[in-house]
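See structure below.
We're numbering straight along the sequence, starting at 1.
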Amino acid sequence: MSRTPSSRPPAPSSAAKADQLDDEHAHLIAAGNFIAARRSFGMVWTDRDLVVCRCFGPLVDFVAVGRPLAESVIALIGFEPEIAALRAGDGGPLTIPNVILDGHAEPSLRLSLDIYWVDNAQRHLMLVRSVRDVSALESELRTQMRLRVIAEAELVEKSEAIQRANQELALINRDLEEFAYVISHDLKAPLRALRYDADDADRALAAGDVTTVGTKLVAMRGYQARMRTMLDGLFEYARAGRKIDTLEEIDTRTLVESLAQGFAATTSLSIEVEGCWPRMTTLGPPLELVLRNLIDNAIKHHDLPRGRILISARDAGDDLEITVADDGPGIPDDHHTAVFLPFRTVNDARNAEDSSGMGLALVRRTLDRIGGSIWLRSDAPHRRGTTFHVRWPRTISV
């Protein structure tokens, strides 16, 4: 039975193997010379005492044959025990990264040194690698990271600016709606009354009724004064929160006690201050506006000659909670929201002619601008008294 010859190629001869090996060596040597010529790496052989025996490549031109290696590479001083341990086979290689050579022609040149013990040659081999390109890459990466951080910070700042602008726009739109309502509703009432009284005065004048004319003129002056008060209050409301105030250290107890003493001289009501009133860095004028209007509101809308107003404060974490409580007639539940609108009053104030009806609206608007809040508790007509609660932020961004 015949056997088909194998398709395998014949085994190479010894001479062919030698030629192939020489060719591989030639390629390796050429590649090594190519890289070494570009000062990317070099090699240094030393004897047991670290005296240079041989060098390879221009990167190691800082060493001299026959001279101790430590004369050229001061960074090796102090590593003699570790280098000696390499001969005993106690690990290796010894790596010393980022070495800068003093007095070298290239002061920015950084080297990484790997020291081996070659047992069959009884020599130390120091492989020298340039890390100049790596350093440049690291420097570029750090630069790019800094630029990215700066760009992100600018983006955050712009986003916050856009957010603030949107919040401001929302407040402006709300203001426009409120102003439109005030003009179309609240200011129409005195204007309509003026027109009616003017018509009545004309008819009385035509009939020779001088007494009626005088009465109508007095009423018209009252409506004119009322409109002036309302317009002044509306302008003050428009300006509230738009002023650029400066943060300053405020002794809140001194502020509230000063206000209480000032009001006490104008009323028979008892005004008391209690609680924790700290020193804090905040906006002084807006805080005074809030306190002044809340105290003034409690006095004007009290229905008895004698009564009590209690102003207190307590620590509420990120806020200072302020309360202004009175024992007046109270506010019905269905009016708790309306009292914060412009020109809204619930009870007939004893000093109504001096009231613009803007006090609580000013308070709410001021608190909106600084990130605070206000609400009230009252259960009229079931029981007397009203308590206004204010949250005043301890930290305010101007």
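Contact between S378 and I331 at its shortest, heavy atoms only, is OG-N, 2.8 Å. When all heavy atoms are compared, the tightest approach of L320 to P278 is CD1-CD, 3.8 Å. Residues R253 and V273 share a closest heavy-atom pair of NH1-CG1, 4.1 Å. Contact between C55 and V63 at its shortest, heavy atoms only, is SG-CG2, 3.2 Å. Summarising the geometry of L113 relative to V99, their closest heavy-atom pair is CD1-CG2, 4.0 Å, with the distance given to 0.1 Å. Scanning both residues, A204 and V213, for their nearest heavy atoms gives CB-CG2, 3.7 Å.
Residues D114 and L94 have side chains not in contact (no heavy-atom distance under 4.5 Å, counting atoms from C-beta outward). Contact annotation: the side chain of F79 never approaches that of I115 to less than 4.5 Å [non-hydrogen atoms, C-beta and beyond]. Contact annotation: the side chain of V51 never approaches that of T46 to less than 4.5 Å [non-hydrogen atoms, C-beta and beyond]. The side-chain heavy atoms of S312 and E274, taken from C-beta on, include a pair separated by under 4.5 Å. Residues W277 and I311 are in side-chain contact: their nearest non-hydrogen atoms beyond the backbone lie under 4.5 Å apart. The closest side-chain heavy-atom distance from I271 to I299 is below 4.5 Å. Residues R67 and S72 fail the side-chain proximity criterion, which asks for heavy atoms closer than 4.5 Å.
The pair D333-R377 does not meet the salt-bridge criterion, since no charged nitrogen lies less than 4.0 angstrom from a carboxylate oxygen. Using a cut-off of 4.0 Å between Lys/Arg side-chain N and Asp/Glu carboxylate O, D318 and R394 are scored as not salt-bridged. Looking at R292 and D296, no side-chain N of the basic residue comes within less than 4.0 Å of a carboxylate O on the acidic one, giving no salt bridge. Taking the charged nitrogens against the carboxylate oxygens, R365 and D368 have no contact shorter than 4.0 Å, which rules out a salt bridge. The pair K216-D197 meets the salt-bridge criterion, with a side-chain N (NZ, NE, NH1 or NH2) lying under 4.0 Å from an Asp/Glu carboxylate O.
In this structure, E157 places its CD atom where only 12 or fewer heavy-atom neighbours from other residues, nucleotides or ligands lie under 6.0 Å away. Atom CZ of R54 has 12 or fewer heavy atoms from other residues, nucleotides or ligands within 6.0 Å.
Neither side chain, D326 nor H301, offers a donor N or O lying under 3.5 Å from an acceptor on the other. T387 and T323 share no side-chain donor-acceptor pair at under 3.5 Å. Judged by distance alone, the side chains of S112 and R129 do bring a donor and an acceptor atom under 3.5 Å apart.
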- request: Walk me through it: do K158 and E154 pass the test salt bridge (charged side-chain N to carboxylate O under 4.0 Å, His left out)?
  value: CA-CA 6 Å; K158 290 179 180 178; E154 292 177 348; 5.3 Å; no
query: When you look at D319 and W392, which way does the side chain to side chain contact (heavy atoms under 4.5 Å, CB included) test go after all the steps?
result: CA-CA 5 Å; D319 302 317; W392 186 272; 6.0 Å; no
query: So R87 and D119, salt bridge (charged side-chain N to carboxylate O under 4.0 Å, His left out) or not? Walk me through it.
result: CA-CA 8 Å; R87 296 198 300 271; D119 193 58; over 6 Å; no
- request: With side chain to side chain contact (heavy atoms under 4.5 Å, CB included) as the test, would you mind laying out the steps for L287 and I322 before giving the verdict?
  value: CA-CA 11 Å; L287 178 58; I322 301 170; 4.1 Å; yes
query: Passes side chain to side chain contact (heavy atoms under 4.5 Å, CB included), D61 versus R39? Steps please.
result: CA-CA 10 Å; D61 56 7; R39 302 178 67 81; 3.5 Å; yes
task: Would you sort out whether D251 and R279 count as a salt bridge (charged side-chain N to carboxylate O under 4.0 Å, His left out), showing the intermediate values?
output: CA-CA 4 Å; D251 186 336; R279 295 185 67 89; 3.4 Å; yes
- request: List the steps and the verdict of side chain to side chain contact (heavy atoms under 4.5 Å, CB included) for W45 and V52.
  value: CA-CA 6 Å; W45 287 266; V52 178; over 6 Å; no
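Taking CD of E249 as the reference point, atom OG1 of T281 lies at 5.5 Å (rounded to 0.5 Å). Rounded to the nearest 0.5 Å, atoms CG (L69) and CE (M126) are 4.5 Å apart. Atom CG of D49 and atom CD1 of I83 lie 11.5 Å apart (nearest 0.5 Å). Distance check, rounded to the nearest 0.5 Å: CG of D47 to SG of C53 gives 4.5 Å. From T267, atom OG1 reaches atom CD1 of I309 across 6.5 Å, with rounding to the nearest 0.5 Å. A distance of 11.0 Å separates CH2 of W117 from CG of L125, quoted to the nearest 0.5 Å.
The hydrophobic cluster containing F41 does not contain V44, counting ILVMFWY residues as joined when their side-chain heavy atoms lie under 4.5 angstrom apart, directly or transitively. In the hydrophobic clustering of ILVMFWY residues, with side-chain heavy atoms under 4.5 Å counting as a link, L59 and I35 come out apart. No continuous path of hydrophobic side-chain contacts links V128 to V118 [ILVMFWY only; heavy atoms under 4.5 Å]. Linking ILVMFWY side-chain heavy atoms closer than 4.5 Å, directly or via other members, places V290 and F263 in a single hydrophobic cluster. F56 and L50 fall into different hydrophobic clusters, where Ile, Leu, Val, Met, Phe, Trp and Tyr side chains are chained together by heavy-atom contacts under 4.5 Å.
In this structure, W375 and H389 have parallel ring planes: the angle between them is below the 30° cut-off, well short of the 60° mark.
Of the possible polar contacts, none joining the T366 side chain to the P286 backbone as a donor-acceptor pair under 3.5 Å is found. Judged by distance alone, with hydrogens and angles left aside, the side-chain atoms of S258 form no donor-acceptor pair with the main-chain N or O of T254 at under 3.5 Å. No side-chain donor-acceptor contact under 3.5 Å links N297 to the backbone of N293.
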